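What follows is one structure encoded as structure tokens, with my remarks underneath.
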There are 2 protein chains.
Amino acid sequence: MHLAAFVQAGPVSGHHGGWRHPDADTDVLSADYYARLGKLLEEGRFDLLFLADILAVPQRFEGSLDSQLRYGALGALRLEPLITLATVAAHTRHLGLASTISTSYFEPFAVARSLATLDHLSAGRAAWNIVTSFQQAEAANFGLSEQLSREARYERAEEFVEIACKLWDSWEDGAVARDKAAPLFADPAKVAAINHQGKYFRVQGPLNVSRPPQGRPVFIQAGASGRGRDFAAKWADVIFVNHSSLESAQAFYAEMKGRAASHGRDPASLKILPGIVPVVAESDAQAQAADRQLQALAVPQAGLSTLSYHLDIDLAQFPQDEILPDMDVPGVQGHYKEVAELTRKQGLTLSELGHRYGVGTLRDFVGSGKAVADTMEAWYRGQACDGFMIQASYLPGGMEQFVRLTIPELQDRGLFRREYSGSTLRDHLGLARP
Amino acid sequence: MHLAAFVQAGPVSGHHGGWRHPDADTDVLSADYYARLGKLLEEGRFDLLFLADILAVPQRFEGSLDSQLRYGALGALRLEPLITLATVAAHTRHLGLASTISTSYFEPFAVARSLATLDHLSAGRAAWNIVTSFQQAEAANFGLSEQLSREARYERAEEFVEIACKLWDSWEDGAVARDKAAPLFADPAKVAAINHQGKYFRVQGPLNVSRPPQGRPVFIQAGASGRGRDFAAKWADVIFVNHSSLESAQAFYAEMKGRAASHGRDPASLKILPGIVPVVAESDAQAQAADRQLQALAVPQAGLSTLSYHLDIDLAQFPQDEILPDMDVPGVQGHYKEVAELTRKQGLTLSELGHRYGVGTLRDFVGSGKAVADTMEAWYRGQACDGFMIQASYLPGGMEQFVRLTIPELQDRGLFRREYSGSTLRDHLGLARP
């Protein structure tokens with residue numbers, strides 16, 4: 001089983017009420033916050049820390065920044081992920097480090113170089129969560145009056161990733177000779193331009209950083225539209241996905257493993273990690289009490305504001321005491337599926353849905369360390385996943401409880417490592433070096 | 001007196017023979033290298049570490065990458081500076097951290113955010129070396145068949161920096177309330193869009209990172225063309241410049257302080273730091289011996305290759321046993337002035353000039369700790385500078401000797417701090433918070 005920690009370098013990582021918890025550390029602008037988090041995750045033998053990202057303060061809900069800022073919602077504030085991960089790298093030795101980077105608003109040379117740098121400085125622990133970005137507010141921060149269509153974004157992403165791979169391979173392994181006597185710092189016979197000319201990019205190369213320790217960073221993808229699933233099946237080493245039930249997780253798992261096979265890949269080389277928000281305590285009753293406390297801290301508008309951003313639709317335009325109408329959403333298809341399923345099953349009003357979305361749509365992971373491990377094991381053995389993306393209800397407490405109470409249960413069952421057996425993120429995930 | 005360390009996250013920091021020194025650490029891809037360097041500089045009470053950067057392996061000389069790679073010249077390989085500085089930040093507490101970032105190949109939103117992130121995570125130690133980039137090889141890595149003209153590059157840079165300032169100010173100080181009870185994470189009344197519409201950029205804002213601890217990072221500039229000097233006089237807190245003599249340093253110092261005044265600035269708020277390559281040992285004789293050893297390690301083609309890149313002219317096209325002809329160079333005017341002065345005074349052949357350029361054009365800083373401190377004091381009291389950009393002949397040894405032998409001399413004379421008196425880079429430089 002593989003475990004990743006889903007974190008945002010801002011107020012909310014998994015629960016919109018979390019930052020209001022009396023024990024929550026809200027000093028999310030300080031290096032110590034990330035240093036402590038990295039050490040905690042390494043103590044828990046996590047595969048990786050995943051930093052989500054967006055390139056704007058969302059303003060879909062009511063056409064305003066207000067609810068995001070006021071309620072400390074998911075996009076209120078976020079530090080740049082690569083720099084934040086370099087901070088974590090300095091305080092850890094094994095933990096994988098995954099940065100979200102958009103293929104729509106950056107250049108492949110710069111991104112390939114940054115990820116190669118992080119992979120070198122962390123001795124092979126870098127991962128790239130490849131996103132195409134979908135928010136109007138992001139486009140408006142990067143000079144575009146309209147964002148690219150989904151199809152164009154994915155087409156650009158394909159070319160972007162191809163170029164990045166060419167750049168990482170533009171230095172052969174062993175090109176850096178460091179031969180003082182010859183002198184031969186790097187062997188010119190092992191470094192070559194790439195001369196890429198495509199639809200979206202022209203890039204001469206070579207990269208000015210040598211081949212990363214992992215060959216290339218681990219690729220993570222979360223696209224849940226048809227186009228996104230295709231992209232993930234072709235490129236991703238790890239898929240991050242949200243579900244509101246075991247059944248939808250199982251269906252997605254079977255579909256994606258099949259898609260990977262149809263791309264000629266070994267399905268086992270694609271790791272599928274659904275996001276869960278565990279609330280763990282010494283006993284089930286204590287966990288239920290902790291969950292009630294957290295739920296009371298989540299403001300419905302915070303979740304609605306974030307859901308508006310995820311769907312890229314202003315949900316303030318609909319009656320708050322009626323259910324979410326069926327619609328086509330321009331935003332993240334996976335999040336729409338998740339809330340549409342919930343609406344269909346439970347008939348929550350929009351306001352109730354906002355609250356629920358803000359605390360996590362999946363309520364199956366509240367309980368004692370043993371109970372939560374039971375459910376995780378059932379999902380894992382039930383072919384719903386290869387592990388989980390853990391979203392702490394609040395930091396550091398929510399993650400501390402998970403590490404202290406659930407991980408030993410998983411270890412005792414032989415489901416999760418007691419010690420790291422390798423040093424790179426590819427080692428942790430059991431992935432070959434390209 | 002202010003001291004900065006000029007470093008490249010690659011083989012050469014100040015001397016093209018340096019990496020071949022028997023004691024040189026060539027493990028420039030490892031985090032430990034930068035961690036140790038940061039600690040050494042902080043032990044020496046340096047104001048800041050300056051990371052130079054370019055966005056390509058230079059290929060001006062002979063139209064090829066070969067000499068840069070083979071001889072481990074200045075642009076053979078370089079890690080991305082922001083991520084590298086975040087690594088240094090994690091191992092230091094006071095040292096300023098300056099990243100070179102081009103205004104020609106990045107977007108203002110992304111750059112403002114990265115620098116704000118570094119400033120937050122380092123608790124107020126970030127600086128930005130603003131460059132406009134001038135190499136054809138860089139343009140070719142970012143999709144351009146031709147680079148922008150110098151005038152257009154500086155025009156874009158002006159707008160770029162204006163936007164960055166607006167973005168840093170898009171969150172008022174104190175906007176992040178973190179009030180759990182209210183709830184009020186951030187106060188919407190203190191965060192606003194910037195809605196910038198200019199010639200080169202349209203940026204909506206606000207930034208998704210709150211105002212940096214220093215208000216804005218310290219600005220460094222090295223442009224030595226007329227246009228570059230204008231830009232520096234208006235924007236720069238620190239100027240980095242190379243000279244081949246005391247006289248040219250004094251002339252430049254007087255001119256730039258005057259230009260700053262004509263922009264309505266206090267000339268004292270502009271710090272001018274010439275680059276020097278000190279070779280320091282226990283005695284003058286030992287320093288001369290160390291210098292001879294280093295000079296023997298520098299290959300003329302390495303320096304010529306780097307000079308070709310700096311001038312943006314292939315110097316292989318001229319006879320190597322004749323002097324550099326007079327010419328207009330598209331590249332860095334400051335480097336041309338420096339070598340033109342040397343050619344005029346000393347009549348070096350091109351091959352000799354290449355060797356000299358590779359080891360440092362200024363030969364006045366070779367000697368005992370006391371002798372080098374004497375020369376530094378003469379420059380400082382002679383109104384040639386406000387301090388120095390120290391380029392170690394090799395790392396870590398060249399810098400260790402400087403810290404061990406020269407800095408105590410400067411401290412004993414009351415010229416340089418014994419302890420840091422503040423915590424931010426602005427504190428070290430005596431600059432007000434904007």
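The model shown is predicted, which means the values in this text are computed figures rather than measured ones. Residue numbers begin at 1 in each chain, while the letters A, B, ... track the order of the sequences.
Between chain A and the residues B/Leu144, B/Asp179, B/Ile194, B/Leu297, the most heavy-atom pairs under 4.5 angstrom are made by B/Asp179. Ranked by heavy-atom pairs under 4.5 Å with chain A, the list B/Pro206, B/Ala89, B/Ser30 is led by B/Pro206. Your options are B/Asp53, B/Leu118, B/Val176, and the one with the most heavy-atom pairs under 4.5 Å with chain A is B/Asp53. Contacts with chain A were tallied for B/His120, B/Glu107, B/Gln204, B/Arg113; B/Arg113 has the most, counting heavy-atom pairs under 4.5 Å. Here B/Leu55 is the residue among B/Leu55, B/Leu167, B/Val28 with the most heavy-atom pairs under 4.5 Å with chain A.
Taking the six-membered ring where the residue is Trp, A/Trp128 and A/Trp168 present perpendicular rings, their angle passing 60° and hence far from 30°. In this structure, B/Phe185 and A/Trp19 have perpendicular ring planes: the angle between them is above 60°, well past the 30° mark. Using cut-offs of 30° and 60° on the angle between ring planes, the pair B/Phe201 and B/Phe160 is perpendicular.
Within the 4.5 angstrom heavy-atom criterion, only side-chain atoms of A/His91, from C-beta onward, approach chain B. Neither the backbone nor the side chain of B/Asp119 comes within contact range of chain A; no heavy atom of the residue lies under 4.5 Å from a heavy atom of that chain. The part of A/Leu65 that comes within reach of chain B is its side chain, from C-beta onward, which places non-hydrogen atoms under 4.5 angstrom from that chain. Only the backbone of A/Pro22 comes within contact range of chain B, with at least one heavy atom under 4.5 Å from a heavy atom of that chain. Interface remark: A/Ala24 contributes backbone and side-chain atoms alike to the contact with chain B (heavy atom separation under 4.5 Å). A/Tyr34 touches chain B through its side chain: at least one heavy atom from C-beta onward sits under 4.5 Å away, while N, CA, C and O do not.
Taking 4.0 Å as the cut-off between side-chain N and carboxylate O, B/Asp187 and A/Arg70 do not count as a salt-bridged pair.
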